[in-house]
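What follows is one structure encoded as structure tokens, with my remarks underneath.
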Amino acid sequence: MSQLLYEGKAKKMFTTDEPNVLRVVYKNDATAFNGQKKAQFEGKGRLNNAICTKIFKMLQEKGIPTHYIDTISDTEQLVKAVSIVPIEVVVRNVVAGSLSKRLGVDEGETLSRTIVEFYYKSDELGDPMINSDHALAMDIATKEELKEIRRLALSINESLQAFFAEANILLVDFKIEFGKLKETGAIVLADEISPDSCRLWDKETHEKLDKDVFRRNIADLPETYEKLLKRLEDVK
Ligand code: TMP
Ligand code: ASP
């Protein structure tokens, strides 16, 4: 018996026969600006599943704990059940997007050190930015959990930067989420890492290979994701 547990903007989660295992289905929907802009793209679910699978396998090989178990079809993965920590963690290496707007710095400027930002995960509130004090005072996470989240986020950044560099791609920034394993409470990388949740630019031309092509009406989304997947094919 498989029951729909949750439907998000880009994925659906189903129960499986195993209590601590869920099935994720990647949808063809694309949204931006907290769901205000919407479209459907044939093949998007397949492309994100393939790209995310490659990334999660790479991270697991590097010893990063993740919720990923297996990829079971073009659009489906099995993952460990977690309780999601309601913090969206954004890691930035290069100025872009909301950071550029907020601080008035040009997109493309390399930061002298990596920035980790926390956003409180709430569609209603539009995911407001918070700091560790907010997270602690509102019992969103403990001090130890925040420390582990930050450590893992920086470690994931290093692995991802090296991975994309092999395809001559610059990792500008990305958003990740963490969950607590049902059995042990251990913090693991959950949700997805895909061109929906990263900014990826060609190292030389700065051509965009991510969802900004949809957010900003720059290019066709499936063609862009297909191009990215091709470039990642030869990366170990
Ligand atoms: P931002 O510059 O708009 O704050 O986005 C930073 C990074 O986080 C960028 O790679 C896109 C990603 N992101 C998401 O995955 N989901 C979101 O809801 C937002 C706002 C950003
Ligand atoms: N994922 C968010 C949304 O769908 C925002 C974004 O990625 O731009 O609204």
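Atoms within a ligand are numbered from 1 in the order they appear, just like the ligands themselves.
- Of the possible donor and acceptor atoms, none in the side chain of Lys54 sits under 3.5 Å from a partner among the backbone N and O of Asn49.
- Salt bridge status for Glu207 with Lys227: present, with a side-chain N to carboxylate O gap under 4.0 Å.
- Nearest protein neighbour of atom 3 (C) of ligand 2, counting heavy atoms only, is Thr31 OG1, 3.2 Å.
- Residue Cys198 approaches ligand 1 through these ligand atoms, each under 4.0 Å from one of its heavy atoms: 10 (O).
- A side-chain donor from one of Ser194 and Glu192 sits under 3.5 Å from a side-chain acceptor of the other.
- Looking at Lys121 and Ile84, their side chains come closer than 4.5 Å, going by heavy atoms from C-beta outward.
- Of all the atoms in ligand 2, the ones that sit under 4.0 Å from a non-hydrogen atom of Asn34 are 3 (C), 5 (C), 9 (O).
- Contact analysis puts Lys211 in contact with ligand 2, with a non-hydrogen atom separation below 4.0 angstrom.
- Annotation: Arg215 places no N or O atom under 3.5 Å from an N or O atom of ligand 1; distance criterion only.
- At a heavy-atom distance under 4.0 Å, no atom of Gln36 approaches ligand 2.
- When only modelled atom types and interatomic distance are considered, Asp196 and Tyr225 share a side-chain donor-acceptor pair under 3.5 Å.
- For atom 6 (C) of ligand 1, the closest non-hydrogen atom of the protein is Arg199 NH1, 3.6 Å.
- Ion pairing between Glu226 and Arg46 holds under the 4.0 Å rule for side-chain N and carboxylate O.
- Of the residues listed (Arg23, Glu7, Gln3), the one engaging Phe14 in a side-chain contact (heavy atoms from CB on, under 4.5 Å) is Arg23, and it is the only one.
- Summary of contacts: the protein heavy atom closest to atom 5 (C) of ligand 2 is Phe33 N, 3.8 Å.
- Residue contacts with ligand 1 leave out Glu117, since none of its heavy atoms falls under 4.0 Å from the ligand.
- Summary of contacts: the protein heavy atom closest to atom 8 (O) of ligand 2 is Arg215 NE, 2.7 Å.
- Considering all non-hydrogen atoms of both residues, Leu99 and Val95 come closest at CD2-CG2, 4.1 Å.
- Comparing Asp173, Val95, Asp196, Asp191 against atom 7 (C) of ligand 1, the shortest heavy-atom distance belongs to Asp173.
- Taking the six-membered ring for Trp, His67 and Phe56 have ring centres closer than 6.0 Å.
- Side-chain contact annotation: Gln40 with Asn28, donor-acceptor N/O pair under 3.5 Å absent.
- Of the N and O atoms on the side chains of Thr71 and Tyr68, at least one donor lies less than 3.5 Å from an acceptor on the other residue.
- Of the protein's heavy atoms, Lys175 CB, 3.9 Å lies nearest to atom 13 (N) of ligand 1.
- Looking only at heavy atoms of the protein, atom 18 (O) of ligand 1 is closest to Glu88 OE1, 4.0 Å.
- Taking the centre and axis of the six-membered ring of Phe214, the NZ or CZ atom of Lys37 falls inside the cone set by 45° and 6.0 Å.
- Within a 4.0 Å radius of atom 21 (C) of ligand 1, the protein contributes no non-hydrogen atoms.
- The residue among Ala32, Gly35, Ser98, Gly97 with a heavy atom at the shortest distance from atom 1 (P) of ligand 1 is Ser98.
- Within ligand 2, the atoms closer than 4.0 Å to a non-hydrogen atom of Gly35 are 3 (C), 4 (O), 9 (O), numbered from 1 in the order shown.
- Near Phe174, meaning under 4.0 Å from one of its heavy atoms, ligand 1 places the atoms 10 (O).
- Residue contact check: Ser197 has heavy atoms under 4.0 Å from atoms 10 (O), 12 (C), 15 (O) of ligand 1.
- Considering backbone and side-chain atoms together, Arg92 places an N or O closer than 3.5 Å to an N or O of ligand 1.
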